[in-house]
Amino acid sequence: MAATVIDGKEFAARVRGRVAEHVTRLKDSHGITPGLAVVLVGEDPASQVYVRSKGKMTVEVGMKSVEHRLEADTSEADLLALIEQLNNDDEIHGILVQLPLPGHLDEDAVINSISPEKDVDGFHISNVGRLGTGQKSMVPCTPLGCLMMLRDHHGSISGMDAVVIGRSNIVGKPMAQLLLNDSATVTIAHSRTNNLADVVRRADIVIAAVGRPQMVPGDWIKPGATVIDVGINRLDAPERGEGKTKLVGDVDYESCAAVAGAITPVPGGVGPMTIACLLANTVTACCRAHGVEEPDGLTA
Ligand code: NAD
């Protein structure tokens, strides 16, 4: 039987709709407008595209969007001073510093200078520790989006075998933590894992976050398993015309979809959920800052 395709685009639109409803409620009942500040240092083209679409969607759900674009040679002291100013700005509830930063800037120092309550990317050391100890925290957007899709599809993932391929701080590790907090049995696989195929074959849930195009073939997938493909890889696609490219994930979609019970496509799976979760995190941060009840189902 063909796998159910988990439509991240449609799911993300629903999440944004719920965020927008909550923003309206915050404005009407409390006179509060949630605000998100995005800081971009340098001119990385991919980062510019992300920042533009984050700003656009922030405005679409009714929130205040502020963008700070800094020169590539901005000093760390100047960047830290801007973050300090945003930390102290009552109209800003979420701060996101677009990564990667130019090499002369210390990413850890910059991220850890963001007030943890406003750290809507969930990368601050205090949020990482809180997530790891099961305390209320800001949760990284991409793994949060994956978790929402899994909960929606399965109801509960308690007791299921989950294999996360990739151990990055941005996706793999927080994903594993979230799955564990939902009582899945979690394995983190990575570039040094022995017999990766066998490890993946025992999984009820496979999360691929590797950054290697179509690395996971269908014969690694247990029949009926749920496959969440985080990878975003751009390949040349001469069949689409000269100079054209296409996006593919970390799993080989056709062969995996033939065996899986459910699968997220690329594009249109995890990707759209990431920005939706950023907006969800900003509303959550705003509610916490003002002691207002948080919306249900928009965080872990
Ligand atoms: P990363 O490069 O930081 O981490 C990749 C991980 O994969 C590493 O931990 C490494 O150990 C593991 N790995 C590498 N080669 C491997 C192999 N042969 N076998 C098993 N494991 C291997 O990448 P990341 O930031 O975690 O991103 C992973 C992918 O997810 C990328 O394609 C990235 O573009 C994508 N991504 C998507 C979103 C989204 O919004 N959908 C967000 C973040 C990242």
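In each ligand, atom 1 is the first atom listed, and ligand 1 is the first ligand listed.
Taking every non-hydrogen atom of N233 and a distance limit under 4.0 Å, the qualifying atoms of ligand 1 come out as 32 (O). The contact set between ligand 1 and G271, taken as ligand atoms under 4.0 Å from a residue heavy atom, comprises 41 (N). Within ligand 1, the atoms closer than 4.0 Å to a non-hydrogen atom of I165 are 20 (C), 21 (N), numbered from 1 in the order shown. The ligand atoms of ligand 1 that sit less than 4.0 angstrom from a heavy atom of H190 are 11 (O), 19 (N), 20 (C), 21 (N), 22 (C).
Counting heavy atoms only, S191 comes closest to atom 17 (C) of ligand 1 of the residues G249, S191, C141. Taking only non-hydrogen atoms, the option from V171, L247, I275, L196 nearest to atom 43 (C) of ligand 1 is V171.
What sits closest to atom 39 (C) of ligand 1 on the protein, heavy atoms only, is T274 OG1, 3.6 Å. Among all protein heavy atoms, the one lying closest to atom 12 (C) of ligand 1 is G166 CA, 3.9 Å. Here the heavy atom of the protein found nearest to atom 8 (C) of ligand 1 is R167 N, 3.9 Å. Nearest protein heavy-atom contact of atom 4 (O) of ligand 1 is S168 CB, 3.7 Å. The shortest contact between atom 13 (N) of ligand 1 and any protein heavy atom is with V210 CG1, 3.5 Å. From the protein, the heavy atom lying nearest to atom 29 (C) of ligand 1 is G211 N, 3.6 Å. Counting only heavy atoms of the protein, atom 35 (C) of ligand 1 lies nearest to V230 O, 3.4 Å.
For the ligand labelled ligand 1, residue G172 lies outside the 4.0 Å heavy-atom shell. For M273, the heavy-atom gap to ligand 1 stays at 4.0 angstrom or more. Distances from ligand 1 to the non-hydrogen atoms of V270 include at least one value under 4.0 Å. Proximity of A209 to ligand 1 is established by a heavy-atom distance of less than 4.0 Å.
Contacts of R192 with ligand 1, taken as heavy-atom pairs under 4.0 Å, are absent altogether. Only the side chain of R212 comes within contact range of ligand 1, with a heavy atom under 4.0 Å; no backbone atom does. Only the side chain of T142 comes within contact range of ligand 1, with a heavy atom under 4.0 Å; no backbone atom does.
Residue I232 places at least one N or O, backbone or side chain, under 3.5 Å from an N or O of ligand 1.
In summary, the side chains of T226 and H154 do present a donor paired with an acceptor at a separation below 3.5 Å, with no hydrogens or angles considered. Side chains of T274 and T142: a donor-acceptor N/O pair is present below 3.5 angstrom, by distance only. Inspection of the D252 and S255 side chains reveals an N or O donor paired with an N or O acceptor under 3.5 Å.
Between L179 atom CG and I157 atom CD1 the span is 4.5 Å, to the nearest 0.5 Å. The distance from atom CD1 of I83 to atom OG of S115, rounded to the nearest 0.5 Å, is 11.0 Å. A distance of 8.5 Å separates SG of C286 from NE2 of H22, quoted to the nearest 0.5 Å.
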Apply the test side-chain contact (heavy atoms from CB on, under 4.5 Å) to residues V39 and Q98: give CA-CA distance (whole Å), side-chain angles for both, the deciding distance (0.1 Å), then the verdict. CA-CA 6 Å; V39 180; Q98 185 66 44; over 6 Å; no

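With C141 as the partner, the side-chain contact (heavy atoms from CB on, under 4.5 Å) test is satisfied by one option alone out of V171, I170, D121: D121. Tested against P213 for a side-chain contact (heavy atoms from CB on, under 4.5 Å), the candidates I232, V248, L247, V251 yield a single pass: V248.
Residues K244 and E242 are not paired through a salt bridge, judged by the lack of any N-O separation under 4.0 Å between the basic side chain and the carboxylate. The pair E294-K136 counts as a salt bridge, with a side-chain nitrogen and a carboxylate oxygen less than 4.0 angstrom apart. The residues E91 and K64 are annotated as salt-bridged, a charged nitrogen and a carboxylate oxygen being separated by less than 4.0 angstrom.
Surrounding CD of Q135 are more than 12 heavy atoms belonging to other residues, nucleotides or ligands, all under 6.0 Å away.
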